[in-house]
Amino acid sequence: MSQTFNAASLARENVKIMTPYMSARRLGGNGDVWLNANEYPTAPDYQFNERNLNRYPEAQPAEVIQNYAAYAGISPEQVLVCRGADESIELLIRAFCEPGKDAVMFCPPTYGMYSVSAETFGVEQKKILSLPDWSLNIPSIRENLSNTKLIYICSPNNPTGNIIDNKALLEVLDMAAGRALVVVDEAYIEFCPEFSVASWLEKYPNLVILRTLSKAFALAGLRCGFTLASPEVIEVLLKVIAPYPLSTPVAVIAAQALNNDGVTTMKKRVEGIRKNRIALSEALRELSVVETVYPSETNYILVRFKDGARVFKALWDQGIILRDQSKQPGLVDCLRITIGTEIENVRVIEAIKALC
């Protein structure tokens, strides 16, 4: 006799009511121009010829750690490698936040996984809205530090594309000293390396930096990210990370991507994206359906349209998939457009021009 089984009834109460993060792939779409996930538009070419897949990989692959430390200008003891920066976000909550007691803070509009990860673990969320120019609301952050353990700040910010002023970051680091970790998400820092705060790690032991190979390194499918922090913070995170976070193929390819040739290739990609970003931004500003093209230091631009929903659907129906950001605070009628190839950018412009 079969039993009636309802898995949802066994789930934790906070999980029953939560809404999962809607990633680009989860949202779907049938397109041939994918400009909704901030990926590099063409695939890199790496080779994997290892013959030792019968063995478990290193817990923290030495070559990957050493290469990334050299690239970031820090010591290997300050580097943790994991399954994308998303895993870093969760590891920090798991390691430092007590559900029902501690809180995480972030500043919408911003990356959605800070909220989803906190909700998954039943940790309080303090959402401090950014100011109208998307700068940090320093007085409000100061007023809400009680029981806050983690402060996530995305810079350059996703989806707005702006850099968070270093003076503001310093203020937050100083006010949080001894009570909270300030986590600066630098997923897009390769597009504006002069704004990185990695050199601050020696002076600020409560600073944590998140990095990834998904964007400028063109390896979103590899799922490889990094946490940069003091050795003391890394030691805590090593207690909660999975035994073998990186598969052998991922480690081998990541090490190749981070050697001298790989970094040189990455920098050439960045220059190409910057050039295409300028061209796309300038062309969009000429269109009557466009209200504002916001400045960006990333591989995407945020655009406010006079009717964002109409533009989104019209391009969706033509197989051009963008990312609707209208549900984020202050982003009504805003679409985020990943910088694609020159041909893809032309298709975007022509499709939007047809709506004018």
- Using modelled atom types only, decide if a donor and an acceptor are shared between the side chain of N157 and the backbone of P109 within a distance under 3.5 Å. yes
The reported gap from CG in L302 to CG in N158 (rounded to nearest 0.5 angstrom) is 9.5 Å
Original post:
When you look at CD of E297, are more than 12 heavy atoms from neighbouring residues, nucleotides or ligands closer to it than 6.0 Å?
Top reply: yes
Grouping I, L, V, M, F, W and Y whenever their side-chain heavy atoms are under 4.5 Å apart, do V182 and I163 come out in a common cluster?
no
Value for CD1 (I151) from CG (L145), rounded to nearest 0.5 Å, stands at 5.0 Å
Between F96 and the options V240, V233, L91, the side chain to side chain contact (heavy atoms under 4.5 Å, CB included) test singles out V233
- Are side-chain heavy atoms of W200 and N166 found at a separation under 4.5 Å? yes
The reported gap from CH2 in W316 to CG in D324 (rounded to nearest 0.5 angstrom) is 10.0 Å
Review point. With side chains defined as the heavy atoms from C-beta onward, is the minimum distance between S115 and F106 less than 4.5 Å?
Key: yes
CG (L35) and OG1 (T341) are apart, to the nearest 0.5 Å, by 8.0 Å
Open item on the list: Can you classify the ring geometry of Y244 versus Y56 as parallel (below 30°), tilted (30 to 60°) or perpendicular (above 60°)?
Closed with: parallel
Taking it one step at a time, do T248 and F48 satisfy side-chain contact (heavy atoms from CB on, under 4.5 Å)?
CA-CA 9 Å; T248 297; F48 175 74; 4.1 Å; yes
Residues V64, E58; criterion side-chain contact (heavy atoms from CB on, under 4.5 Å); working and verdict:
CA-CA 10 Å; V64 177; E58 293 178 87; over 6 Å; no
Q.
Treating S135 as the side-chain partner and L131 as the backbone partner, does any N or O pair qualify as donor plus acceptor under 3.5 Å?
A. no
Linking I/L/V/M/F/W/Y whenever any side-chain heavy atoms sit under 4.5 Å apart, do L228 and M266 land together? yes
Check your understanding: Checking side chain to side chain donor-acceptor pair (under 3.5 Å) for the pair R223/S214: CA distance, chi angles, key distance, verdict?
Key -> CA-CA 7 Å; R223 308 310 303 132; S214 295; 3.1 Å; yes
When every non-hydrogen atom of N54 is compared with those of R51, the smallest separation belongs to OD1-O, 4.2 Å
request  = Tell me whether I93 is reachable from V236 by hopping between hydrophobic residues (I, L, V, M, F, W, Y) whose side-chain heavy atoms are closer than 4.5 Å.
outcome  = yes
Can a donor-acceptor pair be found, under 3.5 Å and without considering hydrogens, that links the side chain of Q125 to the backbone of V104?
no
Q) So if you build clusters from Ile, Leu, Val, Met, Phe, Trp, Tyr with side-chain heavy-atom gaps below 4.5 Å, do V311 and Y294 land together? A) no
Q. Passes side-chain contact (heavy atoms from CB on, under 4.5 Å), I241 versus C82? Steps please.
A. CA-CA 8 Å; I241 196 170; C82 48; 4.0 Å; yes
Would you find a donor on one side and an acceptor on the other, under 3.5 Å apart, between the side chain of Q256 and the backbone of Q47?
yes
Q) Is the closest side-chain heavy-atom distance between L315 and I352 below 4.5 Å? A) yes
Audit row: T212, S88, side-chain contact (heavy atoms from CB on, under 4.5 Å) steps and yes/no = CA-CA 10 Å; T212 183; S88 294; over 6 Å; no
Within a reach of under 6.0 Å around CG of N260, are more than 12 heavy atoms found that belong to other residues, nucleotides or ligands?
no
**Q.** Lys/Arg N to Asp/Glu carboxylate O, K353 vs E350, below 4.0 Å
**A.** yes
- Item | Expected output: side-chain N14 to main-chain T120 donor-acceptor under 3.5 Å | yes
Between A242 and P245 the two heavy atoms that sit nearest each other are O-CD, 3.2 Å
Just by distance, do the side chain of Q328 and the backbone of T110 share a donor-acceptor pair under 3.5 Å?
yes
Main chain of T298, side chain of R277: is a donor-acceptor contact present, judged purely on distance under 3.5 Å? yes
Rounding to 0.5 Å, atoms OG (S130) and CG (L136) come to a distance of 6.0 Å
Considering only heavy atoms from C-beta outward, does the side chain of K215 approach that of N38 to under 4.5 Å?
yes
- So, does N299 use its side chain to make a donor-acceptor pair with the main chain of T338 at under 3.5 Å? no
- Query: Any Lys/Arg nitrogen of E271 or R274 sitting under 4.0 Å from an Asp/Glu carboxylate oxygen of the other?
  - Reply: yes
Across all chains, not counting sequence neighbours, the side-chain contact (heavy atoms from CB on, under 4.5 Å) partners of E342 are N276
Is it true that atom CD of E50 has more than 12 heavy atoms of other residues, nucleotides or ligands lying nearer than 6.0 Å? yes
field: Parallel, tilted or perpendicular: ring planes of Y111 versus Y114, cut at 30 and 60 degrees
entry: perpendicular
Should V208 and T227 count as side-chain neighbours, where that means a heavy-atom distance under 4.5 Å?
-> yes
Between I89 and S117, the two heavy atoms sitting closest are CG2-OG, 3.7 Å
Here the pair of heavy atoms bringing S140 nearest to I128 is OG-CG2, 3.4 Å
Is there side-chain contact between P44 and R269, with at least one heavy-atom pair below 4.5 Å? yes
### Message
Quick check against the 3.5 Å criterion: does K126 have a side-chain atom that pairs as donor or acceptor with the backbone of S146?
### Response
yes
On a heavy-atom basis, the closest approach of R336 and L322 is O-CB, 4.0 Å
### Task
Report yes if some heavy atom in the side chain of V348 is under 4.5 Å from a heavy atom in the side chain of E344; otherwise report no.
no
Q) Hey, do the aromatic rings of F312 and F305 have their centres closer than 6.0 Å? A) no
If we ignore hydrogens and angles and just use 3.5 Å, is the side chain of D333 paired with the main-chain N or O of G308 as donor and acceptor? yes
Hits for ring pair (Phe, Tyr, Trp, His ring centres under 6.0 Å) against Y71, two or more places apart or cross-chain, chain-then-number order -> Y68, F217
ILVMFWY cluster, W134 and I337 together (side-chain gap under 4.5 Å)
no
Nearest heavy-atom approach of I320 to R347 is CD1-O, 3.8 Å
### Task
Check whether any side-chain heavy atom of I273 sits under 4.5 Å from a side-chain heavy atom of P41, and report yes or no.
yes
To the nearest 0.5 Å, atom CD1 of I301 lies from atom CG of L280 at 4.0 Å
Hits for side-chain contact (heavy atoms from CB on, under 4.5 Å) against S196, two or more places apart or cross-chain, chain-then-number order -> E186, I189, A198, R211
